[in-house]
Amino acid sequence: MANIIILGPPGSGKGTQAEVISERLGWPQISTGNILRHAIESGTKLGMKAKGFMDAGELVPDDVVDGIVAERLVHDDCKEGFILDGFPRDLEQAHALDGFSSIDIVFDIKVPDELIVDRLSQRRVCDCGETYHLTNKQPAKEGICDRCGQNLFHREDDKPQTIKHRLEVYHKKTEPLIEYYRKKGTLEDIDGARDISIVTDDVMESLSKLK
Ligand code: AP5
């Protein structure tokens, strides 16, 4: 059992790694980005509140996101462990999380900014949560999701100007979490600028060493 956080800049591979670990170990992947995108798609109040922030590459207000995660973590499927992908995003969220759950390990996936722009401009996603890359991870049939058969699309916030702003937000607000978790002794640095499967091997090896 392990409660895991995956940290890293936009496009570092948090979602990609969270999905693989979830499939291998059976712990749910909890992606705040996916939850918010579903809310937008479904036209809920939450979605309407989140859309402007997300399209602009800004963080959705902490009180909104903290509540979503606190509610999700009490579900039965989180009892044996969970993988947080995209949460916490700033120190306020990290403090909120400390109040409602313990964390065993935090993976910080490091990728230089130059690589991020390439990755995000080539990323294609599906409403079911599956992610592809036009050269590294292609669907069997162009433009169609292997998992559910729906059309793939390019995310609104994956446009070059918005990517740049998301990176600025990451450096200012999220990067301080690296030291926060290093001081707690739970941080594992992962070089994310390597093949997806090699990154996964590193993550799995660290998990195998957890007591
Ligand atoms: P969110 O959806 O969390 O986006 P993000 O953090 O910007 O991260 P991404 O999903 O863009 O990238 P990723 O690291 O998961 O990379 P991926 O695996 O897809 O958040 C979106 C927005 O929602 C935020 O801007 C904010 O507005 C809001 N939000 C979400 N959470 C919030 C919170 N807690 N608080 C406030 N607001 C919040 O990989 C990227 C691409 O690269 C893919 O194509 C993939 O196939 C490819 N790839 C992955 N790994 C590799 C590799 N090793 N080598 C080559 N290619 C790779």
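Throughout, numbering of the chain's residues begins at 1 and tracks the sequence. A quick note: this is a predicted structure, and the numbers were derived from the prediction, not measured.
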Does atom CD of E80 have more than 12 heavy-atom neighbours from other groups under 6.0 Å away?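 Not buried by this count: 12 neighbours or fewer within 6.0 Å.
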Looking at K110, I'd like to know if its NZ atom is crowded, meaning that more than 12 non-hydrogen atoms belonging to other residues, nucleotides or ligands lie closer than 6.0 Å. yes
In terms of side-chain geometry, is the basic nitrogen of [X] or [Y] positioned less than 4.0 Å from the acidic oxygen of its partner?
{"X": "R182", "Y": "D108", "answer": "no"}
{"X": "K184", "Y": "D98", "answer": "yes"}
{"X": "K209", "Y": "E188", "answer": "no"}
{"X": "D158", "Y": "R166", "answer": "yes"}
{"X": "K183", "Y": "E179", "answer": "no"}

Worked check of side-chain contact (heavy atoms from CB on, under 4.5 Å) between D202 and R194: CA-CA 11 Å; D202 267 13; R194 299 169 299 159; 2.7 Å; yes
Quick one: are [X] and [Y] in side-chain contact, heavy atoms under 4.5 Å?
{"X": "I68", "Y": "L46", "answer": "yes"}
{"X": "P28", "Y": "H75", "answer": "no"}
{"X": "L177", "Y": "L91", "answer": "yes"}
{"X": "L187", "Y": "I178", "answer": "yes"}
{"X": "C148", "Y": "E130", "answer": "no"}
{"X": "V203", "Y": "V20", "answer": "no"}
{"X": "M1", "Y": "K79", "answer": "no"}

[X] side, atom [atom1]; [Y] side, atom [atom2] - distance, nearest 0.5 Å:
{"X": "L115", "Y": "L120", "atom1": "CG", "atom2": "CG", "answer": "10.5 Å"}
{"X": "S206", "Y": "D189", "atom1": "OG", "atom2": "CG", "answer": "10.0 Å"}
{"X": "M54", "Y": "D157", "atom1": "CE", "atom2": "CG", "answer": "6.5 Å"}
{"X": "E205", "Y": "T200", "atom1": "CD", "atom2": "OG1", "answer": "12.5 Å"}
{"X": "Q17", "Y": "I196", "atom1": "CD", "atom2": "CD1", "answer": "7.0 Å"}
{"X": "N3", "Y": "L73", "atom1": "CG", "atom2": "CG", "answer": "8.0 Å"}

Check for me, please, whether [X] and [Y] land in the same ILVMFWY cluster - side-chain distances under 4.5 Å, paths through other members count.
{"X": "L36", "Y": "F87", "value": "yes"}
{"X": "I4", "Y": "L84", "value": "no"}
{"X": "I105", "Y": "I83", "value": "yes"}
{"X": "V199", "Y": "L25", "value": "yes"}
{"X": "V65", "Y": "I35", "value": "yes"}

Would you say [X]'s side chain and [Y]'s backbone share a donor-acceptor pair under 3.5 angstrom?
{"X": "T174", "Y": "R89", "answer": "yes"}
{"X": "D90", "Y": "K173", "answer": "no"}
{"X": "D146", "Y": "A140", "answer": "yes"}
{"X": "E156", "Y": "A56", "answer": "no"}
{"X": "K51", "Y": "A39", "answer": "no"}
{"X": "K14", "Y": "I6", "answer": "no"}
{"X": "R119", "Y": "S12", "answer": "yes"}

Only one of V69, D66, L59 clears side chain to side chain contact (heavy atoms under 4.5 Å, CB included) with T32; which?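 The side chain to side chain contact (heavy atoms under 4.5 Å, CB included) with T32 is passed solely by V69 among V69, D66, L59.
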Between D127 and F153, does the side-chain contact (heavy atoms from CB on, under 4.5 Å) criterion hold? Intermediate values first, please. CA-CA 9 Å; D127 277 336; F153 61 94; 3.4 Å; yes
Run the side-chain contact (heavy atoms from CB on, under 4.5 Å) check on Q138 and H133 step by step: do they pass? CA-CA 6 Å; Q138 296 161 318; H133 184 276; over 6 Å; no
In terms of the angle between their ring planes, are Y180 and H95 parallel, tilted or perpendicular, with boundaries placed at 30° and 60°? perpendicular
Check A18 against D85 and note the closest heavy-atom contact, atom names and distance.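 Scanning both residues completely, I find the closest heavy atoms to be CB-CB, 4.0 Å.
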Considering all heavy atoms, the nearest P9-I116 contact: CG-CD1, 4.1 Å
Determine, step by step, whether R155 and I163 satisfy the side-chain contact (heavy atoms from CB on, under 4.5 Å) criterion, reporting the C-alpha distance in whole Å, the side-chain angles of both residues, the deciding distance to 0.1 Å, and the verdict. CA-CA 11 Å; R155 262 169 53 174; I163 296 172; over 6 Å; no
Go through the steps for H38 and E41 under the test side-chain hydrogen bond (donor to acceptor under 3.5 Å, both in side chains), then give the verdict. CA-CA 5 Å; H38 281 303; E41 182 79 12; over 6 Å; no
